[in-house]
Amino acid sequence: MANDLFNSFMTGPDEQGRFGQFGGRFVSETLMPLILDLEAEYEKAKTDQSFWDEMNHLWTHYVGRPSPLYLAERLTEELGGAKIYMKRDELNHTGAHKINNVLGQIILARRMGKTRIIAETGAGQHGVATATVCAKFGLKCIVYMGAHDVERQKPNVFRMKLLGAEVVPVTSGRGTLKDAMNDALRDWVTNVRDTFYCIGTVAGPHPYPAMVRDFQAIIGKEAKAQMHEAEGRLPDTIIAAIGGGSNAMGLFFPFLDDKEVRIIGVEAGGKGVNNKMEHCASLTGGRPGVLHGNRTYLLQDDDGQILEGFSISAGLDYPGIGPEHSWLHEIGRAEYVAITDAEALEAFQLCCQTEGIIPALEPSHALAHVTKIAPELPKDHIICMNMCGRGDKDIFTVARALGWDMAESD
Amino acid sequence: MTRIDAKFAALKADGKKAFVAYIMAGDPDYETSLEVVKGLPAAGVDVIELGLPFTDPMADGPTIQLAGQRALEAGQTLVKTLELARAFRENDDTTPIVLMGYYNPIYSHGVERFLVDAKDAGIDGLIVVDLPPEEDEELCIPAQAAGLNFIRLATPTTDDKRLPKVLQNTSGFVYYVSITGITGAANAVATDVGPEVARIKAATDLPVIVGFGIKTAESSRTIAEVADGAVVGSAIVERIGNGDSPSEVLAFVKSLADGAHSA
């Protein structure tokens, strides 16, 4: 089926950078030549074996790939239904899937002779991954982070500083991830000659959504091979959490043409998907619009003004979603659901107690959906969820939500 | 021929340079901004750039972003911005109005409906920052078909290879962005801008107007000397943000217009 190009879901984007009506290149003229340049360099690198040799070497020896595919036996038993596997990308160097993509972009930046790397970050995981790889290669690194996120993700801010990055708290707008992305774009417009913008998710102008997906697709490729080894077949359902959607796209992409595999993306439902917009579920509660270089589903008001999302997880707190997800949603190849903060917190604790794994709040959303569907499924149904990050960064947030006092005097 | 084309033809006949002023619609509130906009032609403004507020103005500096936030907080919308243009048109049927902003509010309103409404409100041209030539099918081509000018930005990164693509579907005038950067940031330097304007003029018959980084009457003059005109935005918007009265703002605008007109 994968060879049937006419019915393939894996051929996008088109030459305009579109997945159906989504994606595109909605940027100012100043950035347009830079984006075309990046596209040309990426197209070259993509078919250059030496580029992938370098990636594979670093993935193996620096990141620790392949990440294990782990059968969560006690969780499976606890839920009493489908067999649950976790793709353990939280075991990567820096604790999340983010570094898969950062390595690719930094190697590309080096090939392009760029010496200054900028990035935006929400939870800080992409910022830490970028700061890490920049330190390894001796590149200058500037990370834009919403002032609000700087406050709630202090450990990651300190990590970035230890790694030699400059962290710029963003106070423009409301000081969240989307504002950090605005400020990173402003930096890029100002420093066009020496600067490479390392975007952390499958969003932004073409070629970013495709490029980041291609780098993250290592997750799905490994999972497919590992599942084959463990079970001799494909999983029945694959599940991942979605903010911008890079870990999900990475897991989903290699399975898109395996039409018997059910694909589920889990958005952040915050306090519940309602009219008050106290959530970040762009597909469940938004409509198509244009922001940050691409057309995609966005949280917006009737006037087309962008709304702030809300989620307990800073990594999912973005009013948009990668354009390829918008397309998969519209054509129905993937399903998208929302999980609330409370449900994610419950799954977080269940995972700690049954598997001895402290998950990040982001994959806790995916896990929460697993706990909803697994009990109803037969025991020979195989679920593969993406454990895309570890929860060390979130213990303060979780402690607060659970009413624990983490003051230093304790 | 739009009001923009007519205005530039008249300026050319008089041997005069154009002065273009940017005001954010609804900043700090609808009434005040309407009063300022109504006073612009008498202050010497040849073309009005009316800012359409947006929550995420990625190509703008803090001054314009704050102006947009003030306007949105005061309840400004795309519909009210067109209303403001219509109110201005009651007493002025010649000064061109260019609506300047970002695509999402327009896309959200619906492109077809927007073009009808904008034309009806007396808008003459559009500058949409996040619509490069690669996305011309979205709005540029439908806008021209509806009789609105689509004014394109050319920048220092628009090299000779790319310039024809940028000019291809442009009408009204070409807006040359004097710096790589955001609005209200670095200063425009006439000695850098001059050769760039000449490069663009060699490739088009359209007037070339320069904006970004022009803050004083003096720079308005020196930039207008090497181009067909100058645009000032942030420096004016900053005064509105500081709470200057409409008459104080208009006095400042007049000094800038006099600068450009003495070139």
Side-chain angles (χ1 to χ4, degrees), chain A residues 15-18 21 23-37 39 170-174 176 178-179 181-193 195 204-206 286-296 298-308 319-320, chain B residues 52-62 65-66 68-69 71-72 75-81 101-110 114 128-135 137-139 152-159 161-163 165-166 175-177 179-183 185-186 212:
Chain A
E15 279 177 13
Q16 309 298 312
R18 300 289 181 97
Q21 62 156 323
R25 287 177 288 213
F26 297 89
V27 296
S28 66
E29 174 58 23
T30 310
L31 291 182
M32 202 58 223
L34 281 72
I35 283 165
L36 292 172
D37 198 27
E39 186 185 347
V170 173
T171 53
S172 67
R174 298 227 181 113
T176 58
K178 83 172 171 70
D179 301 300
M181 200 151 177
N182 289 335
D183 268 22
L185 285 164
R186 288 176 179 129
D187 179 310
W188 203 20
V189 169
T190 310
N191 302 290
V192 295
R193 314 273 169 210
T195 298
H206 178 65
R287 63 191 169 90
V290 173
L291 179 71
H292 293 149
N294 60 159
R295 172 162 34 230
T296 192
L298 298 173
L299 301 183
Q300 53 185 320
D301 68 13
D302 292 343
D303 188 42
Q305 305 297 336
I306 309 305
L307 296 170
E308 296 292 332
Chain B
L52 175 65
F54 182 48
T55 37
D56 294 78
M58 290 156 303
D60 285 299
Q65 176 159 23
L66 288 171
Q69 281 174 233
L72 291 171
Q76 193 68 18
T77 58
L78 181 143
V79 170
K80 278 191 165 182
T81 299
Y102 295 80
Y103 186 38
N104 200 53
I106 295 171
Y107 180 71
S108 168
H109 192 77
F114 165 77
V128 184
V129 181
D130 50 354
L131 285 179
E134 281 72 8
E135 303 292 353
E137 303 290 331
E138 294 281 333
L139 180 65
R152 188 94 69 195
L153 304 179
T155 71
T157 58
T158 312
D159 59 17
K161 201 174 111 227
R162 190 169 163 75
L163 190 57
K165 195 174 176 83
V166 169
Y175 186 132
Y176 180 68
V177 175
I179 53 166
T180 55
I182 50 178
T183 53
F212 282 45

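Numbers restart at 1 for each chain; the letters A, B, ... are given by sequence-line order, proteins then strands. Any value given below was found using the heavy atoms of this structure, including those in side chains, with hydrogens, waters and symmetry copies removed.
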Side chain / backbone / both / neither for [X] at chain B, heavy atoms under 4.5 Å:
X	value
Pro288(A)	both
Gln21(A)	side chain
Leu291(A)	side chain
Asp302(A)	backbone

Any side-chain donor near an acceptor of the partner, Ser108(B) and Arg287(A), under 3.5 Å: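 Their side chains do contain a donor-acceptor pair, which is all the 3.5 Å distance test asks for.
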
Donor-acceptor side-chain pairing of Glu29(A) and Thr157(B) below 3.5 angstrom: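 Note: Glu29(A) and Thr157(B) side chains miss the donor-acceptor criterion.
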
salt_bridge(Glu135(B), Arg295(A)) N-O dist < 4.0 Å: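 No.
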
Sidechain N-carboxylate O distance under 4.0 Å for Asp179(A), Arg174(A):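 Salt bridge flag = no for Arg174(A) with Asp179(A).
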
Enclosure of Asp159(B) CG (heavy-atom neighbours >12, cutoff 6.0 Å):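 Enclosed: over 12 neighbouring heavy atoms sit under 6.0 Å from CG of Asp159(B).
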
Against chain A, work out which of [options] has the most heavy-atom pairs shorter than 4.5 Å and name it.
options	answer
Thr77(B), Ile106(B), Thr55(B), Val79(B)	Thr55(B)
Glu138(B), Gln69(B), Lys161(B)	Glu138(B)
Thr155(B), Ile182(B), Ile179(B), Asp60(B)	Thr155(B)

Results of side chain to side chain donor-acceptor pair (under 3.5 Å) for Thr180(B) - residues two or more places apart only: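 Per chain and number, Thr180(B) pairs via side chain to side chain donor-acceptor pair (under 3.5 Å) with no residue.
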
Heavy-atom side-chain contact between Val189(A) and Ser28(A) under 4.5 Å: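 Yes, at least one pair of side-chain atoms sits under 4.5 Å.
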
Region of [X] in contact with chain A, defined by heavy-atom distances below 4.5 Å:
X	value
Glu134(B)	both
Phe54(B)	both
Leu72(B)	side chain
Val128(B)	neither

Arg18(A) and Glu137(B): CA distance, side-chain angles, deciding distance, salt bridge (charged side-chain N to carboxylate O under 4.0 Å, His left out) verdict: CA-CA 13 Å; Arg18(A) 300 289 181 97; Glu137(B) 303 290 331; over 6 Å; no

